[in-house]
Amino acid sequence: MKKPARYLFLAIAVVCLSITSAGADDVIKIGAIFSATGPASPLGEAEKNTALLLQEQINAKGGVMGKKLEIIIYDDESSVDKAVSAADKLLKKDNVVAVVGPSTTPNTLAIEAKFEAAAVPLVSCAAGEKIVVPVKKWVFKTPQSDRLAVARILSHLKSRKISKIAIITVSDAYGQGGREMLKALAPKAGIELTADEVYSPKDTDMTVQLTKIKSTNAKAIVSWGTPQTGSAIVAKNRAQLGMSVPLYLSHGVAARKFIELAGSAGEGILLPAGRLIVADEVPAKNPQKALLTKYVKDYETKFKSPVSTFGGHAWDAVMLVVKAIELGKSDKPADIRANLEKIKGFVGTAGVFNFSPEEHNGLNESAFEMVTIQKGDWKIVK
Amino acid sequence: MGISSYLQFLISGVTMGSIYGLTALGFTIIFNTTGIINFAQGEFVMLGGILSVFFLKWFDIGLFPSILLAVLATTIIGGVIERFAIRPVKGASVINLIIVTIGVSIFVRGLTMIFLGKDTFSLPHFSGNLPLTFAGVAVMPQSIWILAITLVLLAILRLFFTRTIYGKGMLACSYNRKASSLVGIGVDRMVLFSFLISSLVGAIGGVILTPVTLTSYDVGIMLGLKGFSACIIGGLGNPFGAAAGGVLLGILESLCAGVISSAYKDAFAFFVLLVLLFVKPSGLFGQAKIERV
Amino acid sequence: MYGFKRDMLAVLGFTFFLLIIPRILGNDYYINTLTLSLTHAIIAVGLNLLMGYAGQVSLGHAAFYGLAAYTSAILTTTYSVPLPLGMMSGILVSGVVALLIGIPTLKLKGHYLAMATLGFGVIVYIFFNETIELTGGPSGFGGISRLQVMGYRFASDISYYYLVAFVLAGVVLLSLNLIHSRIGRALRAIHTSETASQISGIDIAKYKVFVFVLSALFAGVAGVLYVHNIAFVAPGSFGFNFSIELVTMVVLGGMANVWGAVIGACFLSILPEFLRVFENIEIVLYGAILIVFTIFLPEGIAGGITKLFLMMKPKRSDAAGKE
Amino acid sequence: MQQARNDILSCRGLVVNFGGVQALRSVDFAVETGSITALIGPNGAGKTTLLNVVSGLVNADQGTVKFREQDITSLPPHKRAVSGVVRTFQNLEIFYNMSVLENVMTGCHRRIRYSVVDSLLKTPRYWGGEKRCYRYAERELEFVNLMDKKDTPATELPFGSQRLLELARAVASEPTLLLLDEPAAGLNIRETGNLGKLIRRIRDERGITVVLVEHDMDLVMRISDSVTVLNFGEVIAQDVPLEIQKNPQVIAAYLGEDEDT
């Protein structure tokens, strides 16, 4: 009985020491809030893993400006309330210099104001355009906005002379973002929406919605969701109903998981995606090529599971913060924020970032490739 | 929309409804012997599906042996749950029993998440994934499997409850537990049995459903909710009412989604449910006089 | 008489305790967690009046919490209604909806009542999720102003904590007062025997609806306090899961015990903070704690504490009372 | 029947069906103000059903119930209680989650009137009402001799005392007509004797008219002024106790029952 007690004491002592040493000068502390559990866990899990991976890699190389990088990760359980208390802890207890995450739009919107008030930069991994439009001084985000993805799909549709589409979106924050963009941008591009269907994230059958779409004369279907929230089922049900009109999906689908889930029904679907999932195919001269191949390899060796774009968003967020620190040679929150705005031509997984005081996402349409699935693998559509 | 669209809605509804019905059946079997609404019923469905996926992946023994193994494993888990979580609270108030089953469902879900991961998985169709087309209506072979297995299961359960000594014993428990124990029926054993059977039924539901719907550690919540609704529509305590309630709920949902609005389909389905309860306060096939709470 | 002085003292002590907690703990990053758990306690106390005292189950109480939160948020933000008016309207909407839904629903009993309230909760949740123009949909509704009363802005987290603490103390006191009145007795009577209550001249339909509306009003108070604290609202906070969590708070804390609801709410809201270090295992532990507590403390934490006190008291009247 | 007499309760042509079973078939039943009226009959004769119809727990399919010249046929039970019809139950319906005193105070529910606001804020009206309520309850507990148990939880009372408690609660609501459903069931001889005296005192001291469903013939014959006999849902006799004992139809009905059981 005595031995475990001593170990326990030691463990406590170590924890206490690490807490007290937290204020020490040789450590840079970054906070992270990810939805590692709950409905958004497919996003948060990959992001958390990526953050851990980066922490290890960066410190192995001697840290940032010679200081050790410590990423303090909290799980918000996909809940707004938990995200708020995690933000409080990071800001008031851990005194971090910057925070990456949260994984979802509502959780980001819920804590934005705290970062404005505390004057600490937040680099979100959520897609919603509302996060950075209008621009908030202390808030940035790394995923490509829905607007860019939708614009990419619409221009592809136009190139194929399709003018009537039906949309089917998931009724969570992610699907809502896509739905609003599609409804706003499609008419401007001269494309008519013949149907606007919705399904819940946990729905298991979309035959009914697709049957309705089938009865309209839509020439293409655009569906907004992730592999875990119905996109695979939409693809499957479309195949089952024998529908031949092309199916466009969102950039959130870009993960090997989707191919596994949709099986043969995934063949031929189209989507705009960051280059992460087609890293092999990216031409060698593309600036992203090297880092994409390395990230895919490192992630998949360490965690034994395929990468997703979401992990990439966390990669971008952490590395952007690191870049900003190195750029200004300062780990003060205000300097990090100022230097984030100065970052130009930063090569990330989602694309090449160019920030400015007016632009806190830093990506443009060139971040996307149109990809499809051929013989069970992602292929760039030329 | 043509008539074929409506037929398609109906087929989707019946397919999903069968699963709701099977979940509801599991609720009813446990309710009848114990008076407990087992909020962990959805987890049995989840386990049946997700364990099949993993057994197939780990042991590489082919689809049907993996499925059998998964059903068996889930049934054993059902028994373990009864023994270690339900039996210790024997005789507690209804609301406490509900909380225990909620605790169990969180516990099971958590363990699944830790050991099998948070991802979504698929299971191959039992026989081909090419649809059969009748008059412009696509029917998946899996839907036929679902319907057929549901019906067979119902028939077997009916035989079990009316013909076997265990089945009759369980029915007796449902009418009067005290009297049953007085005439020598081991109530504890019957309760254990009801958990075994309902986890078996739940697991089978999960297994036949997963090829159509995919699975993940958290699918049990929604299925449990729908199953509970189905057995309330059917009239609590009536196994066949529960199955019928499930099919009705499935059809209601798909018609709401198809005809009214896909965004509000669950809201409409629950709205109809509420109206139904207001008109017929003890479900469609329930007896008005029986009050257990 | 009837323990009023004792109640009064207990509430005063409780308020004092709430006020000094932040000082004892010294740090303030958890203040929001505390505020949130006290907000939950306000709902739980109301739900306990409904469930613990009157014996009517509700699996949809998150809906009332959400209705008030959204109403106040939308009125004050989108329509620039003055804050106090918006908050009053929020609470009122919860009450009125409870009245309308309560009249037909409370005719149902047991599991059917549970089902109906659950269905109501799901409908309201979908309404929050789908009326995007009004509620902002799944991504939420932001830009809500923080509470301001007569020119005083509750800007700091600690000031908001004190406010919620005072409101909770008030709600507890009102509930204790209600319980020790003819109305409280009527509610408890309905719990044990509806027939005998009717025979004693108690209009059970009226009282059930009354306590349902009252508990919805409490949930509404919590809702407006919540929304003007977080200054953001999304449907995810008001789903089925939260309704279940509320019920769990009441049962785990101790049914038919006003203090039990407070203890249960604080316990379940703060527990995850302690479990957080276990990361993924957290959810398993949470489930296990629910099971273990229900097995070993069937009367809830408050019930357990009461029993402990009784055990320590010298046993003199025990032999006389029992047959 | 006898229109000249002053009836507090008069039921005409009551019919109650439970599924296929006719529990009451056209029952006429009247109770004279200030009387103790017994209702007897073999098991399943419909006595409890008749009490249920009078107290409003069961609605009659046909027929009317008049209480103090007013038609109360469609009134819900709590309104009947308010207007003065109160009953007890064969299988005891006391409030097990309360103390003895609180049980009786709940019985006083309709006698004290203060509002929700009064109770939330503990206004003087609340205090006044509660004090009165407390006094009423104490008086009834003294009446049934349970004063020493007033703070005991109701569950801990012995069975006989629980019967008395239910009686105290019923009397506490100041009824004008009290319906007792087998009050002596489960009591020993001494307790039954005391109960008989108590029922008389309820009528004599409180002026409450009593209807009594009872199997204990000694008790019935000793305390009642009038006896009504039900058999298979019909009234087969109504008379003073002495006459009833001689009535051949009544004797036949009871013998018939004996054969069954």
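Numbered from 1 within each chain, the chains take letters A, B, ... in sequence-line order.
- Across C:R185 and D:E102, no two heavy atoms sit closer than the pair CD-O, 3.9 Å.
- Looking at every heavy atom in both residues, C:G201 comes nearest to D:V82 through O-CG2, 4.0 Å.
- The part of D:R169 that comes within reach of chain C is its side chain, from C-beta onward, which places non-hydrogen atoms under 4.5 angstrom from that chain.
- In this structure, D:K122 NZ and C:L176 CG are separated by 8.0 Å, a value rounded to the nearest 0.5 Å.
- How far CG of C:L214 is from CG of D:L120: 7.0 Å, rounded to the nearest 0.5 Å.
- For the atom pair D:F95 CZ and C:S197 OG, the distance stands at 4.0 Å (nearest 0.5 Å).
- Here the rule is side chain to side chain contact (heavy atoms under 4.5 Å, CB included) with C:T192, and of D:T106, D:N103, D:N97 only D:N97 fits it.
- D:S119 places a side-chain heavy atom less than 4.5 Å from the side chain of C:L178.
- Taking all atoms of both residues into account, the shortest heavy-atom contact from D:E93 to C:A196 is O-CB, 3.3 Å.
- Rounding to the nearest 0.5 Å gives a distance of 10.0 Å between CD of D:E130 and NE2 of C:H180.
- Between C:L174 and D:L121, some side-chain heavy-atom pair lies under the 4.5 Å cut-off.
- Residues D:Y126 and C:N177 form no side-chain contact, since every pair of their non-hydrogen atoms from C-beta on lies 4.5 Å or further apart.
- Annotation: side chain of C:I204 is not in contact with side chain of D:H78 (no heavy-atom distance under 4.5 Å).
- Only the backbone of D:S115 comes within contact range of chain C, with at least one heavy atom under 4.5 Å from a heavy atom of that chain.
- Interface residue D:I112: backbone and side-chain heavy atoms are both found under 4.5 Å from chain C.
- For D:H109 against C:A186, the heavy-atom pair with the smallest separation is CE1-CB, 3.7 Å.
- Taking the ring centre of D:Y114 as origin, the terminal cationic atom of C:R182 falls inside the region bounded by 6.0 Å and 45° from the ring axis.
- Rounding to the nearest 0.5 angstrom, the gap separating the CG atom in D:L92 from the OG atom in C:S193 is 10.5 Å.
- One distance of note links OG of C:S181 with CE of D:M105; it measures 9.5 Å at 0.5 Å rounding.
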